[in-house]
Structures are given as structure tokens and as C-alpha cells.
Amino acid sequence: MKPGPLSSVGVPGDLPGPGDMPRCTPLPTRVGVGTPGPDEPLGVVAVGPDGAGRRAVLATLLDVDPALLAVPDGSWLVMRHAATSTRAAYVPGYRQPHAYGADRTAAGPALARPPRRVELHLPDPPLRHFTLVDTADTGALGPAGVRVLLDAAGRAGAMLFVIAADQAFTAAELNLLAEVARTDVAVFFAVTPGSAGWAGSDSTAPTEDAGASVPPSGAGSPSPGPTVDPVAVAVEAHRAALLSAVPGLAGARWFALHDGDVAADVRRALVGWAADEGLRRASSDPPVLPGEHARVPVAADPGDWSERLDRQSRTCAQRIRQHLALELANIHLRVVQEIVFGVGCAGLPQLLDREMEALSLLATAQCDRAVRGIVDDAVARVFGAPLPEGVHRRVTQAMRWGMTEDRTARELDRVLLVTSTAGVAGLTGDGAIDALAGYPRAARVELLPPVAVALSGGCWQHWRSPGNDNPNDARAWAQRALREVELELSREISRRFEVVRLSLGAVLSDAVDHGILLA
């Protein structure tokens, strides 16, 4: 199947133009590992395969009933600290969360579609130090789910990988861990008993942090006879298998969860990481940025900055539209493959919604990077040299003030919902975008609101109906829906960069007229 009919634009590249055409800032071509800002809350993202007992591990760490941690398939569970236990579901298409009962017998509300996340607030001491996030099973993530997970893990700062003694790392899990190993994310491993215990044994020999208690692979053969500890052997086998493929995780800590004492060790390790990481993030954010209050005179000859700003805005908008069109064509191919050979019609909404979540992260990252490049280039031309971060922040704040009076700018803060008729509807209002985050981020400091695309509840109702199980109809619907998403995103990207051009032009025009930055 060719991607051409879906995409309305060609291969990404620089637009033709004069030799001095400004180049757009290099854009990310896929969702990478997120970067934690100084205000980003500390978090531990729990991942692992189905059957490893991840929910039971988290319940043990928090000393709660595992039934309290149950969420719909595909939803993420975000656990935070609060004085009172509450539970709420954040569903795309709604401006307000749906309340769950925070007790073991409470049933969730009847929802048209699964929530992107369920937030559980508990008065548990570990949650004072970090947010705990339970994700979908690694086998159910798919390529888009892995990208969303990597973004969340990078912003949270730590990952807890739970695997059973009788399970093995899959190729997809090793690729995920290899991506994490190239970042500053702290990784902890927890090994749980398999279906037959620890290698078929009921041994409960005490095992502390396996990274320290289990001898490194190749350090020597275990002693023969009854001194062999099946718990240590199981953990070391997993560690050796991991390090043979991902040597960058040699410093990760391992725990064999066979009793409550080890669970306490895991809690202490995570709290210790949170204390160190909190200090590191706090020290990376100075109380006063360089240039935040300094006098910034305009350059003697700022040149044709206005014309260059116009050209650069158009160039960046065009490149982002091209990248997103190609990404949507790739999504179309993956969706068709899954309809025919994988999840089928009933699984189409969950699959496509996960793809839209990853696409939203990619589009947001591309817009943020391009806008920052445009602002930096224009400011450097008007004021004569690249300026410190404090000046950039002042210009951005002045642009934001101007955008509050612009009706077009206010309309950027909205959600794009794919409907059951393969169309795209818009939803605005406080909380509409927040409901789309599987792991919400700190308050944004970037100029533009995030790009937000999701599937409406009607898509689930339609494709889970027994009469709508025709793969050909599902393929045609997916193609129409993705085509509408492409058209709407193209308009959205153009509108965003036009707003940036106008607001930045107004701020810099005032500076040129007065000879000094007024913000």
C-alpha cells in the first residue's frame, strides 16, 4: 500500500527561494525521551510485561489493596500524594474528570471510551517524594506507545521495570531499555516469582539489592550443593541477559521481591533517588536568569529582520506540515497492518488513539523547537547578538501578553477529536487538553499550547459493535479519518506560526521604534 494518496504534500525539505532564505531550526523527526525541566514533578514510571505482577508490586510498595489500582485496559494510573484518598478518570472529549470511588469495591463510571489516565490520590508516605505511574503492559504498547512511554520516563526521571523469574526480555523491551540507557533516567529492576516460584523452588532466602548481593556475571561458578540460592540465580540470569544487549544499564539496581523487607528496600532506594534528583533539578534553575532585568539596546542596523521573520515562519510551518504528513502516512500503514493481521476492527480505536497521542507529542515538540529558533534568530538580528535566556523569556512573555488580545491565538488552545464518521471536531475550554495526557507535565513555559489529538468515545462504540467488524470498512474509515487529521493539523500549524509571526513582529517593532527592549 502506497502512502501517497493519504499525504497532500511532498518529501520534507527546504522551500525554494533566494540564497539568503533562512533555514528552520532542525526538527525532531520522532518522539524521543522527554527532558525534565526544573519544575517537572519527580516521578517513577513502572513498566513490564503482562504476568509479572506489576500491580501487586506497586500495591506492596504503597501498602494498599491491589484492587484499588485497577484501571481500564490501555489507561495509565498516576498515583499522587494527598491527605484524602480520591480517584478520577481523565477522558478525552470532556473538560472535567470523572470521579471514581477510592475504595476496593468501587466500580468506575460508565465511560464512552477508556480514559487516557486515572489519577489516584493516596496519603502514602512514599508519594510525598515522587509520583508513581503505572503504564500499559510492554507487549501492548506498540511503536506509538513506546514513544509515549519514553517521553513520560524522561520527564519523570526514573523507571521501575518489573519482570517475573520465568519471563525473558523481548526484543521490543530491550530496544526500549536501550533508548533509556542513553539518557539520565534512573532504572530499577524488580524480579518477582514466576508461576512456579523461583526456578520451581519455594526458597525464601534473604536477598537484598541484587545489584550488590548477586555476584557479577562471569565472576565465578556458583558453589555446588545446597548453598545455591535460586532467587539469586534467577536475578543474575536476568541481569546477564540484559547486560549482554544493553551494557549501558550495568549500574542499575536489582531487587528480588520475595518478602516485605525487600519491598522496604525498594521504597528506600526510590526515595533516595528522589532526594538526589530533586536537588539536582532545583540547582539547575537559577532564581534570576541572565538578562532578565538588563537594559537591551537595539542594534545600530537591524537589517531586514521583518522580511526574514516572515520567510522563516513560512518555512518552518511548511516543514512541520510535511513531516506530519509523512508521519500520518506511516501511521496509516501501521493501522492497516494491525486491522488485517493484529488487533482487528474492535482494537482499531485503541490503536489509533495511541498513535494520535504520539503524533501530538511529536507535533508539539516540533512547534516548540521551531518557535524557539524563530524567536532566537529574530532577537539576535534586532539586538545585534545572541542574547541570554532571560531576554528570550522577556520577549516570549511580551508575545504572550499580546496574544491574549488576539482571538486567533485564543483558538489555538483546543483539542482535535476524531469522530465516528471519520471527521474531526474541535473542543476548547479549561481542562480539555489536560484530559489527553497519560502523564501530565508541569505548567508549560513555551509560547504555544500543545497540539492535542484524540479519538472520541463514538469511535469505540462504533467499532466495538458486533455489526461493524468488516476489515475493508475499517481500512476505509481509518484512511478518511487520517486524511481529515492531516488537513486539520495543516491548518492548525499554519495558524500557529501566523500568530507567532504577528506577535513577535509587534514586540520587535516596538523595540526598534524605541531603540530598546520594552518588555
Side-chain angles (χ1 to χ4, degrees), residues 30-33 44-58 73-77 133-154 156 158-183 185-200 210-211 214 217 231 233-257 330-331 333-335 337-338 340-344 347 350-351 354-355 357-358 438-439:
R30 68 184 185 92
V31 180
V33 180
V44 178
V45 178
V47 301
D50 183 27
R54 190 175 65 256
R55 183 182 302 170
V57 170
L58 300 181
D73 291 340
S75 301
W76 287 20
L77 177 64
V133 185
D134 188 22
T135 64
D137 298 329
T138 50
L141 288 174
V146 168
R147 294 195 289 270
V148 174
L149 175 61
L150 287 171
D151 174 78
M159 174 183 288
L160 176 63
F161 196 101
V162 182
I163 188 170
D166 57 354
Q167 292 177 326
F169 290 102
T170 65
E173 290 166 352
L174 291 174
N175 289 334
L176 167 66
L177 292 169
E179 290 276 356
V180 174
R182 289 192 283 268
T183 69
V185 175
V187 183
F188 302 85
F189 290 91
V191 183
T192 59
S195 56
W198 299 96
V214 179
S217 180
V231 177
V233 169
V235 175
E236 176 58 21
H238 279 78
R239 184 174 183 273
L242 172 71
L243 296 185
S244 65
V246 191
L249 292 179
R253 299 184 66 178
W254 289 75
F255 300 88
L257 295 179
N330 292 331
I331 290 174
L333 294 177
R334 291 195 295 268
V335 167
Q337 184 178 18
E338 285 294 325
V340 178
F341 302 108
V343 298
Q350 186 76 61
L351 170 69
R354 197 162 50 236
E355 292 281 0
E357 186 175 7
Y439 176 58

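Hydrogens, waters and symmetry mates are skipped; everything else that's a heavy atom, side chains included, is used.
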Side chains of Phe255 and Thr192 in contact at under 4.5 Å (non-hydrogen atoms): no
From Ile163 atom CD1 to Phe189 atom CZ, the distance as rounded to the nearest 0.5 Å: 8.5 Å
Phe188 backbone acceptor or donor facing Arg253 side chain under 3.5 Å: no
Backbone of Val233 reached by a side-chain donor or acceptor of His238 within 3.5 Å: no
Heavy-atom side-chain proximity of Tyr439 to Thr135 below 4.5 angstrom: no
Polar side-chain atom of Gln167 near backbone of Asp50 as donor-acceptor pair, under 3.5 Å: yes
Intermediate values then yes/no, salt bridge (Lys or Arg N to Asp or Glu O under 4.0 Å), Arg147 and Glu179: CA-CA 10 Å; Arg147 294 195 289 270; Glu179 290 276 356; over 6 Å; no
Close side-chain approach of Leu77 and Val133, heavy atoms under 4.5 Å: no
Salt bridge present between Arg55 and Asp134 (N-O < 4.0 angstrom): no
Taking every non-hydrogen atom, the tightest pair across Pro49 and Phe161: CD-CE2, 4.0 Å
Thr170 vs Asn175 side-chain heavy atoms within contact, under 4.5 Å: no
Straight-line distance of Thr138 OG1 to Glu173 CD, nearest 0.5 Å: 3.5 Å
Exam field: side chain Arg354 to backbone Leu141, donor-acceptor pair closer than 3.5 Å: yes
Point-to-point distance, once rounded to the nearest 0.5 Å, from CG of Leu176 to CZ of Phe169: 10.5 Å
